[in-house]
Amino acid sequence: MKRTLQLFMAGILGGIVAFAAFKMFDKERVIYEKVPYTTLTSNPTHAASAVAVDFDFVRAAKKANPAVVHISAQNKEYASYSERRRNYSDPFEDLFFFRRNRKRPQAGTGSGVIISDDGYIVTNNHVVGFADVIDVSTEDGKKYIARKIGTDPSTDLAVIKIEGSGFPTLQFADSDQVQVGEWVVAVGNPFDLTSTVTAGIVSAKARELEIIQNQKPIEEFIQTDAVVNPGNSGGALVNTKGDLIGINTAISSPTGVYAGYSFAIPSNLVKRVVMEIMETGGDIQRAYLGIQIAEIKDVKEQGINVNLDKGVYVADYNYDRYGRREYSSAEYAGIEIGDVIVEVDGNKIESTGDLSEALKFVKIGDTVNVTVNRGGRTKKIPVKLRRGI
């Protein structure tokens, strides 16, 4: 009897435990099923709105695609070379051709953005700067021969033009208002695949990469993770409204193809350079003073007596690659070694960075007013920036 009672009590206890376990499991299972359902249906209006605003790239693509063109460019040497290859099959042609021509044949493809309804197009200097023949194809399949309006190697920008009217265009957005984390769309012609759209976010702003091969490069790239490849150069980077925030220019890659980051010239810089090219009607040649400079603190550490704490010290004039002193614009204007530059065109100069910023956009032919401190006295010196010195 005692044995039977023990078994009975054990059975009851086991049943209670099993029932409790089942209820716990069932409770978890129900909650697991309900959570996603509740989340998805709790505010359908908000969810739909978020998708439309943050992830709908259709509007941007529809607006940007018609204004982005395919560019094929070549120089005369390449045209001559291609013609010879068509009519002459000598296997040694390449060798003899290159011996006769110092300038290597060049050709390439890229993208461009139509910025006016009468056919002005902005692209990269490295896409068309070398070219004598520029062919443009629009999204609707029409083909044009473009003429080069001007280039700016310091920013890697160029303007070309096709003849016609009523072309679709992109409007410039204020790139200063672009935020890190903002969604963007890249439109271009990678690997000759026309009208290709990719998307990503802004990863960083004002990147300096030291990739522009020029005496006075101007770099302040927008970095994104939108996929960009060879052929995208000169194409559009737009916001979700389809407005232009940059010109796609470069990628960071160990292989030459996209590896995670791409870079675009911000639209505010593009707009300024385009206006300069249009005003000058040709290539822009950025200028510099032709002096070697140093920070005041560095000069003092070397034992040079300077009675100022801020400014830029003129340490020497520039020298050419043969070690010969250049007769620079600064020297020609009367700036002397030992002067301390304290102001340029009304902008206070406290460091070498300030001087670089103040002179960033100056061109050959411009005159800048440089205020120097010489022996405790200030002197304003107008410096005309000349070609070749």
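Values below: all heavy atoms of this structure, side chains included; hydrogens, waters and symmetry mates excluded. Predicted model, so just to flag it, every value in this text is computed and none were measured.
- Side-chain heavy atoms closer than 4.5 Å link hydrophobic residues (I, L, V, M, F, W, Y) into clusters, and following such links, even through other members, never connects I114 to V68.
- When only modelled atom types and interatomic distance are considered, S328 and N318 share no side-chain donor-acceptor pair under 3.5 Å.
- Side chain of T198 to backbone of A226: no donor-acceptor contact under 3.5 angstrom is found.
- Grouping the Ile, Leu, Val, Met, Phe, Trp and Tyr side chains by contacts below 4.5 angstrom, directly or via other members, places Y120 apart from I134.
- A salt bridge does not link K379 to E336: none of the charged nitrogens lies less than 4.0 Å from a carboxylate oxygen.
- Figure legend: cation-pi geometry between R272 and F361, with NZ or CZ positioned under 6.0 Å from the six-membered ring centre and within 45° of its axis.
- Between the side chains of N189 and T194, no donor-acceptor pair is found at a separation under 3.5 Å.
- In this structure the side chain of K63 never reaches within 4.5 angstrom of the side chain of V238, judged on heavy atoms.
- By the 4.5 Å heavy-atom criterion applied to side chains, I162 and V69 are not counted as neighbours.
- Partners of T255 under the side chain to side chain donor-acceptor pair (under 3.5 Å) rule, at least two apart in sequence or in another chain, are S253.
- Partners of F167 by ring-ring contact (aromatic ring centres under 6.0 Å, His included), not counting sequence neighbours, listed by chain and number: Y144.
- Applying the ring-ring contact (aromatic ring centres under 6.0 Å, His included) definition to pairs two or more places apart or across chains, none involves residues 217-255.
- With respect to I291, the side chain to side chain contact (heavy atoms under 4.5 Å, CB included) criterion is satisfied by exactly one of V370, I341, I337, D316: I341.
- Counting only N and O atoms by type, the side chains of T249 and N124 include a donor and acceptor under 3.5 Å apart.
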